[in-house]
Amino acid sequence: MTVKDILDAIQSPESTSADFAALELPESYRAMTVHKDETEMFAGMQTREKDPRKSLHLDEVPLPELGPGEALVAVMASSVNYNSVWTSIFEPLSTFGFLERYGRLSELTKRHDLPYHIIGSDLAGVVLRTGPGVNAWKPGDEVVAHCLSVELESSDGHNDTMLDPEQRIWGFETNFGGLAEIALVKSNQLMPKPGHLSWEEAAAPGLVNSTAYRQLVSRNGAGMKQGDNVLIWGASGGLGSYATQFALAGGANPICVVSSPEKADICRSMGAENVIDRNAEGYRFWKDEQTQDPKEWKRFGKRIRELTGGEDIDIVFEHPGRETFGASVFVTRKGGTITTCASTSGYMHEYDNRYLWMSLKRIIGSHFANYREAWEANRLIAKGKIHPTLSKVYSLEDTGQAAYDVHRNLHQGKVGVLCLAPEEGLGVRDEELRAQHVDAINRFRNI
Ligand SMILES: C/C=C/C(=O)SCCNC(=O)CCNC(=O)[C@H](O)C(C)(C)COP(=O)(O)OP(=O)(O)OC[C@H]1O[C@@H](n2cnc3c(N)ncnc32)[C@H](O)[C@@H]1OP(=O)(O)O
Ligand SMILES: NC(=O)C1=CN([C@@H]2O[C@H](COP(=O)(O)OP(=O)(O)OC[C@H]3O[C@@H](n4cnc5c(N)ncnc54)[C@H](OP(=O)(O)O)[C@@H]3O)[C@@H](O)[C@H]2O)C=CC1
């Protein structure tokens with residue numbers, strides 16, 4: 001039995017759940033990995049110079065044992081997230097430490113502590129097997145998976161599953177991720193694949209869409225409301241392309257920050273009217289490595305006021321971190337919110353706290369999304385209210401190049417990866433809904 005037989009079953013319209021259940025599983029499959037004995041390979045190099053093409057490997061790996069509450073999924077497509085870039089450059093720390101810690105939790109989690117880490121935190125595919133205790137899903141179901149892995153043995157996470165003390169991001173802090181032909185997930189990560197999307201389109205939104213939903217829309221995040229001025233950094237990037245859609249769909253006013261005229265055009269084509277090209281306008285928030293320039297914060301704030309008719313920002317959608325955080329805090333209105341989920345340019349932030357406390361502003365830390373938020377975010381995709389922002393698609397072999405592009409900010413929106421899917425465009429089940437939204441679905445393609 002090989003993965004080819006699995007693919008044949010997926011591609012045959014006659015295949016039933018019983019056929020999938022009867023499929024023998026292969027002993028091994030191909031997966032993108034980093035290797036534990038290579039974690040020092042970039043030691044002493046600048047972040048920018050660390051090359052994911054050197055650290056990411058396509059390996060044949062053994063199929064992991066299936067445990068209670070889990071599912072093995074045949075992965076048709078996945079996507080590159082920035083967390084895979086972090087893993088591949090071993091920053092801010094090697095992810096093998098996460099696997100070791102998870103491995104210490106129980107007999108079952110020991111499986112994750114291996115000398116290789118199969119990465120990837122998105123997938124669209126077909127359930128192959130479910131473990132004991134799984135009733136909601138069966139072999140043959142077409143699914144996407146969100147990346148929240150929790151144990152839920154502590155009451156801390158019972159109100160908001162992101163607060164579980166054993167909260168992990170699948171494919172980053174756990175092994176057996178989605179950039180592979182087969183993935184191992186907890187069955188509670190599974191959600192129905194939106195029928196109007198191809199495999200690679202369905203795999204693209206998951207992680208970033210759910211994160212943007214919690215960070216911007218959910219009451220656990222900024223709780224955006226109609227009319228809010230929302231400053232969105234990297235508005236045509238992974239997170240930003242969904243934040244921009246949420247702002248527009250929710251009746252808010254996105255002020256999109258990007259770094260090129262092409263990216264500004266994409267934001268406009270999504271419906272955003274206020275776009276700032278940070279490159280063309282040449283903002284320098286830091287005079288040197290240690291010193292910020294409040295005059296530049298003010299110049300940026302003045303530009304925002306020009307665009308909004310004199311209003312300041314209700315919500316900043318933050319993720320660049322050190323480079324922009326001082327400006328983000330400054331341009332927020334009295335009582336406004338800065339919501340942050342990352343620090344791409346550096347995690348030791350500096351801002352002038354007088355502008356925070358005197359103007360009663362709030363900083364909210366946000367991370368991925370709880371089970372319910374991930375489900376709600378996927379539902380919006382399935383209903384055609386929010387669309388994938390897939391630009392380019394790579395083969396599994398070329399994941400290193402895909403991660404390199406994201407690391408170097410050469411991409412737009414989301415970058416997809418075909419795993420078992422032999423070509424793009426397969427897996428669409430609802431042509432009618434697709435036809436209604438096809439222009440929006442294709443907006444980011446090949447630009
Ligand atoms: C969905 C996609 C998401 C993304 O893309 S996110 C962006 C990419 N992700 C990242 O960059 C990951 C970032 N994560 C990290 O860098 C690390 O993950 C953290 C810095 C968040 C945490 O580091 P750690 O080493 O795991 O934990 P510690 O808390 O620094 O150290 C653990 C030790 O510190 C003790 N400790 C914790 N809190 C306290 C406290 N309040 N007072 C005293 N000690 C404390 C613990 O007990 C334990 O100790 P003992 O090592 O002896 O077991
Ligand atoms: N905590 C969580 O749950 C999550 C965290 N993340 C983290 O968020 C960050 C962004 O992820 P994602 O959106 O997918 O990445 P992308 O690279 O797809 O998009 C980020 C965008 O931010 C902009 N940007 C990058 N650096 C700077 C800078 N120094 N100043 C201003 N703008 C900048 C760029 O847009 P432009 O050049 O056009 O301005 C870039 O396109 C990553 O660090 C990632 O790890 C992501 C998802 C979930």
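This chain uses plain numbering: 1 for the first residue, then up along the sequence. Just follow the structure's listing: the first ligand is 1, and inside any ligand the first atom is 1. Values in this document were obtained by computation on a predicted structure and should not be read as measured data.
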Does the side chain of [X] reach to within under 4.5 Å of the side chain of [Y], using non-hydrogen atoms?
| X | Y | value |
| --- | --- | --- |
| N83 | F368 | no |
| E273 | V275 | no |
| L148 | Q189 | no |
| F246 | N209 | yes |
| D352 | P294 | no |
| R333 | I313 | no |
| R443 | M270 | yes |

Among all protein non-hydrogen atoms, which one is nearest to [atom], and what is the separation to 0.1 Å?
| atom | value |
| --- | --- |
| atom 20 (C) of ligand 2 | H319 CE1, 3.8 Å |
| atom 42 (C) of ligand 2 | T344 OG1, 3.4 Å |
| atom 2 (C) of ligand 2 | H367 ND1, 3.4 Å |
| atom 17 (C) of ligand 1 | L93 CD2, 4.2 Å |
| atom 14 (N) of ligand 1 | F98 CZ, 4.3 Å |
| atom 8 (C) of ligand 1 | W86 CD1, 3.4 Å |
| atom 26 (O) of ligand 1 | R101 NH2, 3.0 Å |
| atom 8 (O) of ligand 2 | A342 CB, 3.1 Å |
| atom 3 (C) of ligand 1 | H367 CE1, 3.7 Å |

Heavy-atom contact under 4.0 Å between [X] and ligand 1?
| X | value |
| --- | --- |
| F172 | yes |
| P92 | yes |
| Y82 | no |

Would you mind finding which of [options] brings a heavy atom closest to [atom]?
| atom | options | value |
| --- | --- | --- |
| atom 23 (C) of ligand 2 | S391, A327, G413, G234 | G234 |
| atom 6 (N) of ligand 2 | I276, T389, L239 | L239 |
| atom 25 (C) of ligand 2 | Q412, R278, H411 | R278 |

S241 and T389: side chain donor to acceptor below 3.5 Å
yes

State whether a side-chain donor-acceptor pair under 3.5 Å links E38 with H57.
yes

Return yes or no for this condition: an N or O of [X] is under 3.5 Å from an N or O of ligand 2.
| X | answer |
| --- | --- |
| Y82 | no |
| S345 | no |
| W86 | yes |

By number and element, which atoms of ligand 2 are closer than 4.0 Å to a non-hydrogen atom of [X]?
| X | value |
| --- | --- |
| L207 | 47 (C), 48 (C) |
| F368 | 2 (C), 3 (O) |
| T211 | 2 (C), 3 (O), 4 (C), 48 (C) |
| T324 | 30 (N), 31 (C) |
| V208 | 14 (O) |
| V258 | 38 (O), 39 (O) |
| G238 | 13 (O), 14 (O), 16 (P), 18 (O), 19 (O) |

Are the side chain of [X] and the backbone N or O of [Y] linked by a donor-acceptor pair below 3.5 Å?
| X | Y | answer |
| --- | --- | --- |
| E373 | N370 | yes |
| K392 | G416 | no |
| H112 | L99 | no |
| S55 | V34 | no |

Heavy-atom closest pair, residues E296 and G282
OE1-O, 3.7 Å

Any salt bridge linking R434 with E201? Criterion: basic side-chain nitrogen under 4.0 Å from a carboxylate oxygen.
yes

Identify whether the distance between the nearest side-chain nitrogen and carboxylate oxygen of K186 and E151 falls below 4.0 Å.
yes

Could you label the plane-to-plane angle of the F42 and F90 rings as parallel, tilted or perpendicular, counting under 30° as parallel and over 60° as perpendicular?
tilted

Run K361 and T332 through side-chain hydrogen bond (donor to acceptor under 3.5 Å, both in side chains) and show every step you take.
CA-CA 7 Å; K361 304 177 190 186; T332 302; 5.1 Å; no

Of the side chain and backbone of [X], name the one, both, or neither that has a heavy atom under 4.0 Å from an atom of ligand 2.
| X | answer |
| --- | --- |
| C341 | both |
| S259 | both |
| E323 | side chain |
| N409 | side chain |

Atoms of ligand 1, numbered as shown, that sit under 4.0 Å from any heavy atom of N83:
5 (O)

Element-labelled atoms of ligand 1 that are located less than 4.0 Å from some non-hydrogen atom of I169:
1 (C)

I'd like to know if [atom] has any protein heavy atom within a distance of less than 4.0 Å.
| atom | result |
| --- | --- |
| atom 44 (N) of ligand 1 | no |
| atom 1 (C) of ligand 1 | yes |
| atom 33 (C) of ligand 1 | no |
| atom 41 (N) of ligand 1 | no |
| atom 5 (O) of ligand 1 | yes |

Please lay out, stage by stage, how H146 and S210 fare under the test side-chain hydrogen bond (donor to acceptor under 3.5 Å, both in side chains).
CA-CA 8 Å; H146 69 67; S210 310; over 6 Å; no

F330 and F300: CA distance, side-chain angles, deciding distance, ring-ring contact (aromatic ring centres under 6.0 Å, His included) verdict
CA-CA 10 Å; F330 178 78; F300 185 55; 9.5 Å; no

With heavy atoms only and a cut-off of under 4.0 Å, state how T211 meets ligand 1: side chain, backbone, both or neither.
neither

Measure centre to centre between the rings of W86 and Y82, then say whether the value is under 6.0 Å.
yes

